[in-house]
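As structure tokens, the structure follows; a few thoughts come after it.
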Amino acid sequence: ACGGGGGGTRNSIRAVGSSTVYPFAKSVSESFTRAHPDFSSPIIESTGTGAGMQLFCAGVGANTPDIADASRRMKPAEFETCQANGVKDITEIQVGLDGIAFASAKGGITMNLTPAILYKALAANPYGEKQTAKKWSDVDPSLPDLPILVYGPPSTSGTRDALKELVLEVGCEADPKMEALKESDKDKFTQTCTEVRSDGSYVDQGEQDNLIVQKIEGNPNAIGVFGFSYLEENADKIQGLHMNGVEPTYANISSFAYPGARPLYIYVKDAHLDAIPGLREFVASWATEWSKGGPLAKIGLVASPADVMAKSKAATTEFPKLTIADLKSAAYPK
Amino acid sequence: MRARDVSVFYGPKQAIDSVSIDIETDHVTAFIGPSGCGKSTFLRTLNRMNDTIASARVEGTIELDGDDIYRSGMDVVQLRARVGMVFQRPNPFPKTIYENIAYGPKIHGLADGKDHLDQIVEKSLRRAGLWEEVKDRLSDSGTALSGGQQQRLCIARAIAVEPEVILMDEPCSALDPIATAKIEELIDELRGRYAIVIVTHSMQQAARVSQRTAFFHLGKMVEYGETSDIFTNPREERTKDYITGRYG
Amino acid sequence: MRARDVSVFYGPKQAIDSVSIDIETDHVTAFIGPSGCGKSTFLRTLNRMNDTIASARVEGTIELDGDDIYRSGMDVVQLRARVGMVFQRPNPFPKTIYENIAYGPKIHGLADGKDHLDQIVEKSLRRAGLWEEVKDRLSDSGTALSGGQQQRLCIARAIAVEPEVILMDEPCSALDPIATAKIEELIDELRGRYAIVIVTHSMQQAARVSQRTAFFHLGKMVEYGETSDIFTNPREERTKDYITGRYG
Amino acid sequence: MMSPAILLLLALLLGLAGWLAARARAWGYKRAAPNTRLAALPSYHGWYVALWVLVPVLLFVCLWAVIEPQLVTQYVLGTPAAANLPDFGMQRQTMLAEARAVAVGSAQGVFNPDSRALIEPFEQALLRYNIVGVIATLLIGFAGGTWAFLRLKPDFRARTKVERIVMGILLLASLVAVLTTLGIFISLVFETIRFFGMVSPIDFLFGTHWGPDPMGNPANPDPSRYGAIPLFWGTIYIGAIIAMIVAIPLGLMSAIYLTQYANPRWRKWLKPMLEILAGVPTVVYGYFAALTVAPIVRDLAISVGISNASSESALAAGLVMGVMIIPFVSSMADDSIAAVPQAMRDGSLAMGATQSETIRKVLVPAALPGIVAGVMLAISRAIGETMIVVMAAGAAANLSANPLEAMTTVTFQIVAMLTGEGSFDHPATLSAFALGFVLFLVTLALNFIALRVVKRFREAYE
Amino acid sequence: MSDTITLPTRTPAFEKRLKKRYAAEKRFRLAGLGAILFSVVVLAFLLVTMTVNGIGGLTRVEVTVPIDFREAGLTIDRSQRNESESLQSLQGQGLPDVVDFYAEKALGKDGAAQISSDSWRLVANDIISNPASLDREVTFNLPTNKDLANAYRGDGKADLQPLAKRLQSEGKIASRLDLGFLTRSDATDPQLVGIWGALKGSMLTMLITLALAFPIGVLAALYLEEYAPKNRWTDLIEVSINNLAAVPSIIFGLLGLALFLGLFPNLRSAPIIGGMTLALMTMPVIVISGRNAIKAVPPSIRDGALAIGASPVQVVFHHVLPLALPGILTGTIIGMARALGETAPLLMIGMRAFVATPPEGFTSPATVLPVQIFLWSDEIDRGFVERTSAAIIVLLIFLLCMNGIAIYLRNRFEKKW
Ligand SMILES: Nc1ncnc2c1ncn2[C@@H]1O[C@H](COP(=O)(O)OP(=O)(O)OP(=O)(O)O)[C@@H](O)[C@H]1O
Ligand SMILES: Nc1ncnc2c1ncn2[C@@H]1O[C@H](COP(=O)(O)OP(=O)(O)OP(=O)(O)O)[C@@H](O)[C@H]1O
Ligand SMILES: [Mg+2]
Ligand SMILES: [Mg+2]
Ligand SMILES: O=P([O-])([O-])[O-]
């Protein structure tokens, strides 16, 4: 009955966030533990990028995580929450690239997608109109005469965010009307461009990308949306769909030729660097793993371009502070 | 019914030791004896209710109309319809009074239609002397009756399938004196129509209702004869000791 | 013990209606009466075993050596050590025979050391007439004895704490005739040393073992007096009816 | 953190000493007046004193375990070595904790070299306060023991006193259940109220679209996305309909067969089998449902021409859940049938009814209240079941009667909204508590009614 | 009487009906048998599926690599007690390259690329535990990476199939029993995972649960059954216990999240919090079964003890509790078995994180067996499917043992007084 929990210290590193980054973080954690047996092994939880950011920005101290894994960049709003809660010094490290791949079962449906097609097929109200498309051929007569059925990530996930920003908004902006709307009513624009239909054609599959893979494997007419690493992992079962005529491959993603490519990040709470034993070493471990052909590449991470990688590597030892200005500059390098 | 050399075992334990007895149709036969002497056990062999006890085993023959009820191929269901039974504690089904009586005729398919069933129910209740008391509340639950009424309901239930023999195992031991008197009266009325066997722990009751009495002791039937003889002039020492309260 | 105007209620229901009785030290007192008349209930008020029944409530006074056992501050534990009790079904503890007897002396701290305890055990078993039968198997379980032996063990257990009164509730009703005879003998031997109260459903037993008999009916004590008087020459009509088997 | 353990040991020793001394004293009384009975056994005198030693000392040790570290830290912070500790609280504490760990011997070395200077002050402080703790323990124990010891007399009712303490402990133990219930209620109700401050209960309870957006602005949620009807429907459809269609007949018939027909030798084997079925963890059932049953269901559906069968279907989850519930229903039915007095069965058999007639017409109707109550308990268990639906039912909040479609349940959404840690200010997260609250109330009501029915039913036959 | 001749129970019509009734009887009986057989078949199917899959999970694909240490020139300082230092020293001396070299020699370049990146550690551990091997040639069975393992098992990436075929024909690759599965912890590579971490987490959690739930449950059961006066307070206690026994486990998770983690936020994922949460869940089960066991002790024994002047507390602790103990233990084991298999509430309190080392104590982050199963079931790699089944087998063996003990205890001590 008696005895306190109190304290205010923690021995093991805690990282939360993106399910896309999760397997990579696990892998780094594993090698970190091997290389530094004196430190406790890091605790990695997959919560989705959004929830991870919320936790990360809740404050400093033993009760909050040290690292947020993210499959998109931190949003200025999140940065501000962090600041408001006393998480002043944050270091952003890009650990590699991932593509949001569109895929179907081997031997299943194939088509050449474009952001505009996807927007028209998946938006709740394409260009502000009512969504009526039931089949791909309703969107564009050249497409197959098959029902639209897309399995994808839930609204909590960074993959979904990437889907919104890299694909849906791009497809949306193809219409000049929308371009205009963006200027006049930003909220309305965001809603029209990013809200996904909820009538069953887009199936929200939970935080488990594996399930999506299983789903489309079982249904040749279904399309799945998930991180490129999952496509790579399951190359024997599923095939990537071309977008703007480009196939989702390692090369095309690392060169940003494929429109769905996006960088993956970890955010480190600098205040914890000296408080959590091993945190510096753990961050440094990332740099030893993310190279092309390195251990992370084996499980599907696409290495960043050389210049970015060099910058990131420097960040793992110098811990530059993230500023709001950094975040407001282009969200995704294209 | 004729029983010849009947022995009953519960597992290794012998509860009845070669009892032979003739039960006469137009009489009431009483089984008396100290607790645990096997009265109930023997009674239950008469309609094979012992079959429900896994460990029970019966030897010897028991004949009903010359037909051995323990022969293989004997139909137990039919036997039990022919040899009815009333238990120590009244055990009406938790159904309506009507349903309690109609249960037997229904499962055996004895009634042709609803009217016939109504008739059977009424006739049985009348014979059990319960009709007047319950005719306005046939759809009340059987368990809502008083103890004595419940016991008469059970007798009526047994009568409803027109049995040839009615076995009663201490039917009054859970009842008050007034209810007991009613049941004793009823037994007297039913005598002649059915062969009746009654187990009782009260010698006075045996003396009051029966014409034949069998005295059991330690699994053996010690003495069997005219009730008046047994009580006034027992042949065996043990019977006498029991009747005068030496033990039991 | 003296009881004055004792009434017992189970919740709203009255089970005993102002009974007054003097229990004499050197006699065996028998309580008889039909089932449910309150014999056991009254017996249990005498050592406050009724306290274990939440709904039971006692009115009136019961004195032991002039001390009201229902006064507040009465130590029930001590009372029960002074007024022992033997139950209808033998209830030895599932421990060894030795432990069964030694339990009471142990919890009351009556024995100074192991040897003394051995003595107490032997003395109690001897008094209960059980010593010869069990002296070689004191470490067998008490439940391994036969029914009659178990009951004598329970009597020995009660004796071991040197009570002043021993209450017995139908101590023989679960026993066979031979065991019954043994217990009756034992009661006879213990008479004079302890005040003994025995409840029995057998009038013959009451006649055999007691000097005083109280007849209970429907919660009231109808008659109390010399046993021989009650059986040969009852004053009350109800007593007479009961004794001659009119009811019960 | 050696010291509490040492103090506890010390307390036990003191208690033992008190026990022995008091018992010896009581024996002394007895020897002095051999013919009087002591009011209580000597060992109760012993326990009385021992408790007077132990309880105060234990209270003190608890308290000391909390304040001693603070005193130690205070002391260390007061030393010059602490002067150059960093300002950031967490880092400070880490360093202090590291140094402390080394000082008490639970760690070999420190990670932060600056902490090293703190080790020695810690050792000094620990030594000092350990001594203080030991002395205080001794004093308190001695004081309590002496006070109790002085009260011993030949007619002192030590047993009554000791037993009162024992009863107090028993009562405390049984209050834990009430506290737990209260704890559940409190932990659910506050968050639920907060949630209803953001989304109105009407929208929540009667809305038909479920799709909270955890990334949306927490200050201004869209109430039309918080309609829980599809969840309630999915829960009922899977747990109370599909699962029960499997579990009730199979469970009931199993119970009937086991109690009425099976011979004892078979029963000895079959009953534990059912119990094992009940003992299989739900995560295993979930895995079984997702990996084995769901594909079979889907393939079967496709083979009969239903092309859009989902691989996560309400049917698969419900079937497996039904299997899981079978033993539960059967044991409840078993109890209820067993509670019907043998006399009923004998009465029916003596009328010449066959076994099955007896069962169908007498036993089951008589046991019906108990069986119904059992089914209600089974339903409450099914709708509270989590892992099977998490693994096999899917996330889609469909309001459909097609068992081959994916459906989601209340429990699934609670897990979905809260896995990992939730930030407690977003309605999407808070909705999990509201859902939990609804689930709690519903199962509570089901159980309450069921227990009442069972109780009535038992009483009827007692 | 005239109607004595036409007894309705002795007509041919009656006998005809009788035949039908017997047929119905038989059908009913078969339905009962069918129901119970269904359960047995499902159980058997479940166990067989798990076993068939799980057997594979107790093996891993390994390649045979002989290493001649005489040529490698490695040394090991035998006085060095510390394992991790020895490991680092070996790494510094280039052991990984040595392993790669010999792997290439044995398997070819393409084969060497597919051995597990952890291989050199296995070799190093072998050397540390047996330094004499540095003086001879030793043949190692090294795990492959998961791609080659999948290829060997016949699915996975098509491009590795020929390599697997080749190595197989050379007899250099095989699927071998992997007892290390029982001693390693969670990992990302199915070839390298183990369940010891989760198992230890489960044990620590169960210890806490037992230490809290058993005494509280037994004492509460004693109080309620033996002493509680009939009043509103005890009614309240009774109602709460009965209801708690049926509250969905996930609600206990919410309680743990809001209450325990609210009080001790930095004990997230720790066995102590999991144990406390599960204890609250298990306690009512123990109380209820304890009460039944106590109720089964015949009142005559209490009466007997009371009647010779035992106090109520003595009656309970001298007589009732010892007699009820087997029943209470049975209930406790069953409650503990349920807690051991419980997943949902632990998900709520963070015991689902990836933890690569076994927990050191009650307060270090951990996961438990059922949660580990849940996490692995989510992994896509085929290797994990088998590993999951293997973990399920381990869990089931524990549970079957516990249930078996409970059933045994019950049969052994089941007393009809
Ligand atoms: N089901 C049973 N299994 C084992 N033994 C039994 C069973 N039923 C009765 N006995 C034993 O068989 C013997 C005869 O029992 P039975 O019930 O026939 O006696 P009884 O004369 O009816 O006694 P009572 O007057 O108490 O009803 C007794 O010793 C009893 O213990
Ligand atoms: N615990 C109880 N609660 C309520 N009523 C009770 C209780 N015990 C006995 N009674 C009732 O009190 C009355 C007297 O019961 P008691 O047991 O004293 O009778 P008895 O003379 O001993 O009968 P028997 O010969 O059957 O033992 C009966 O009507 C009985 O139903
Ligand atoms: Mg009988
Ligand atoms: Mg009585
Ligand atoms: O888990 P996410 O990477 O999709 O945020």
Side-chain angles (χ1 to χ4, degrees), chain D residues 159 163 166-167 169-171 173-178 180-181 183-184 187-188 191 250 253-254 256-258 261 270 272-277 279-284 287-288 292 323 326 354-356 377 380-381 384 386-387 391 411 414-415 418-419 421 433 436 439-440 443-444 447-448 451, chain E residues 21-22 24-25 28-29 31-33 35-36 38-40 42-43 46 49 216 219-220 222-224 227 236-237 240-244 246-251 254-255 257-259 280 283-284 287 311 313 337 341-344 347-348 350 352 370 373-374 377 388 392 395-396 399-400 403 407:
Chain D
R159 182 179 50 77
E163 287 183 350
V166 172
M167 293 295 264
I169 295 174
L170 295 192
L171 180 64
S174 51
L175 283 180
V176 171
V178 180
T180 308
T181 310
I184 291 179
S187 44
L188 294 179
E191 309 297 350
L250 287 173
M253 287 309 289
S254 300
I256 287 173
Y257 187 81
L258 277 183
Y261 287 109
L270 290 176
M273 290 273 189
L274 276 188
E275 278 163 24
I276 288 173
L277 208 55
V280 172
T282 53
V283 67
V284 177
Y287 189 66
F288 182 62
T292 312
V323 169
I326 289 176
T354 63
Q355 188 111 324
S356 65
L377 290 178
S380 94
R381 168 166 275 209
T386 309
M387 293 320 291
M391 295 170 83
T411 48
I414 295 176
V415 173
L418 282 179
T419 36
E421 26 201 322
F433 288 91
L439 187 63
F440 179 66
T443 52
L444 215 62
N447 291 310
F448 195 73
L451 289 172
Chain E
R21 287 166 65 194
Y22 279 125
E25 169 78 22
F28 189 74
R29 198 190 161 107
L33 187 63
I36 196 136
F38 175 83
S39 303
V40 173
V42 170
L43 180 65
L46 191 149
T49 324
I216 295 180
L219 294 179
L222 284 177
Y223 180 77
L224 289 177
Y227 304 118
L236 184 71
I237 297 177
S240 354
I241 287 182
N242 285 331
N243 281 327
L244 281 185
V247 166
S249 58
I250 191 162
I251 303 277
L254 292 178
L255 170 72
L257 174 66
L259 192 69
L280 293 185
M283 193 250 321
V287 174
S311 71
V313 172
E342 198 55 73
T343 317
L347 295 181
M348 305 280 93
R352 68 195 298 271
I373 290 167
F374 174 64
S377 75
T388 310
I392 286 179
L395 178 61
L396 283 180
L399 289 175
L400 289 184
N403 280 307
I407 291 170

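Chain naming here is simple, since letters A, B, ... match the order of the sequence lines and numbering starts at 1 in each. Owing to the predicted nature of the structure, the values given are computational and were not obtained by experimental measurement.
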Closest-packed option against chain D by number of heavy-atom pairs under 4.5 Å, given E:A35, E:P370, E:A344, E:S249 = E:A35

Could you check if a side-chain atom of E:N242 sits within less than 4.5 angstrom of a side-chain atom of D:N447, using non-hydrogen atoms only?
-> no

Among the options E:L395, E:L399, E:T388, pick out the one with the most heavy-atom pairs lying under 4.5 Å from chain D.
-> E:T388

Nearest heavy-atom contact between D:A177 and E:I241 is CB-CG1, 3.2 Å

Region of D:L451 that comes under 4.5 Å of a non-hydrogen atom in chain E = side chain

Closest heavy-atom contact between D:S187 and E:A258?
-> CB-CB, 3.3 Å

E:L244 and E:P284 have their tightest heavy-atom pair at CB-CG, 3.5 Å

Nearest heavy atoms of E:G32 and D:M253, plus distance in Å = N-CE, 3.4 Å

Any side-chain heavy-atom pair from E:L257 and D:F433 closer than 4.5 angstrom?
-> yes

Can you say whether D:T292 sits under 4.5 Å from chain E via the side chain, the backbone, both, or neither, judging by heavy atoms?
-> side chain

Which bit of E:L400 is near chain D, if near means a heavy-atom gap under 4.5 Å: side chain, backbone, both or neither?
-> side chain

May I ask you to test the E:I250-D:L439 pair for a side-chain heavy-atom distance under 4.5 Å?
-> yes

Of all of E:V247, E:L222, E:L224, which one pairs up most often with chain D through heavy atoms under 4.5 Å apart?
-> E:V247

Most contacts with chain E, counted as non-hydrogen pairs under 4.5 angstrom, among D:I169, D:L258, D:L171, D:V166 = D:L171

Determine whether E:L280 and E:L255 make a side-chain contact, defined as any pair of heavy atoms from C-beta on separated by less than 4.5 Å.
-> yes

Tell me, for E:A31 versus chain D, whether the close heavy atoms (under 4.5 Å) come from the side chain, the backbone, both or neither.
-> both

Nearest heavy-atom neighbours spanning D:G384 and D:T411 = O-CG2, 3.5 Å

Which bit of D:V178 comes within less than 4.5 Å of chain E, counting heavy atoms only: side chain, backbone, both or neither?
-> both

When the 4.5 angstrom heavy-atom criterion is applied to D:L444 and chain E, the contacting part is both

Selection from E:T343, E:L236, E:V40, E:L259 maximising heavy-atom pairs under 4.5 Å formed with chain D | E:T343

Return the option, out of E:I373, E:N403, E:I392, with the maximum number of heavy-atom pairs under 4.5 Å with chain D.
-> E:I392

Side chain, backbone, both or neither: which part of E:I216 has an atom under 4.5 Å from a heavy atom of chain D?
-> both

Residue part contacting chain E, namely of D:I326, when any heavy atom lies under 4.5 Å = side chain

Among E:L254, E:L33, E:V287, who wins on heavy-atom pairs under 4.5 Å with chain D?
-> E:L33

Heavy-atom contact with chain E under 4.5 Å, split by part of D:I256 | side chain

Is there side-chain contact between D:M273 and E:I36, with at least one heavy-atom pair below 4.5 Å?
-> no

Non-hydrogen atoms of chain D under 4.5 Å away: do they reach the side chain of E:T49, the backbone, both or neither?
-> side chain

Could you look at E:F28 and say if it's the side chain, the backbone, both or neither that has a heavy atom under 4.5 Å from chain D?
-> both

Audit row: D:M387, E:L347, side chain to side chain contact (heavy atoms under 4.5 Å, CB included) steps and yes/no | CA-CA 10 Å; D:M387 293 320 291; E:L347 295 181; 4.0 Å; yes

Close side-chain approach of E:I251 and D:I184, heavy atoms under 4.5 Å | yes

Against chain E, label D:T354 side chain, backbone, both or neither, depending on which of its atoms sit under 4.5 Å from a heavy atom there.
-> both

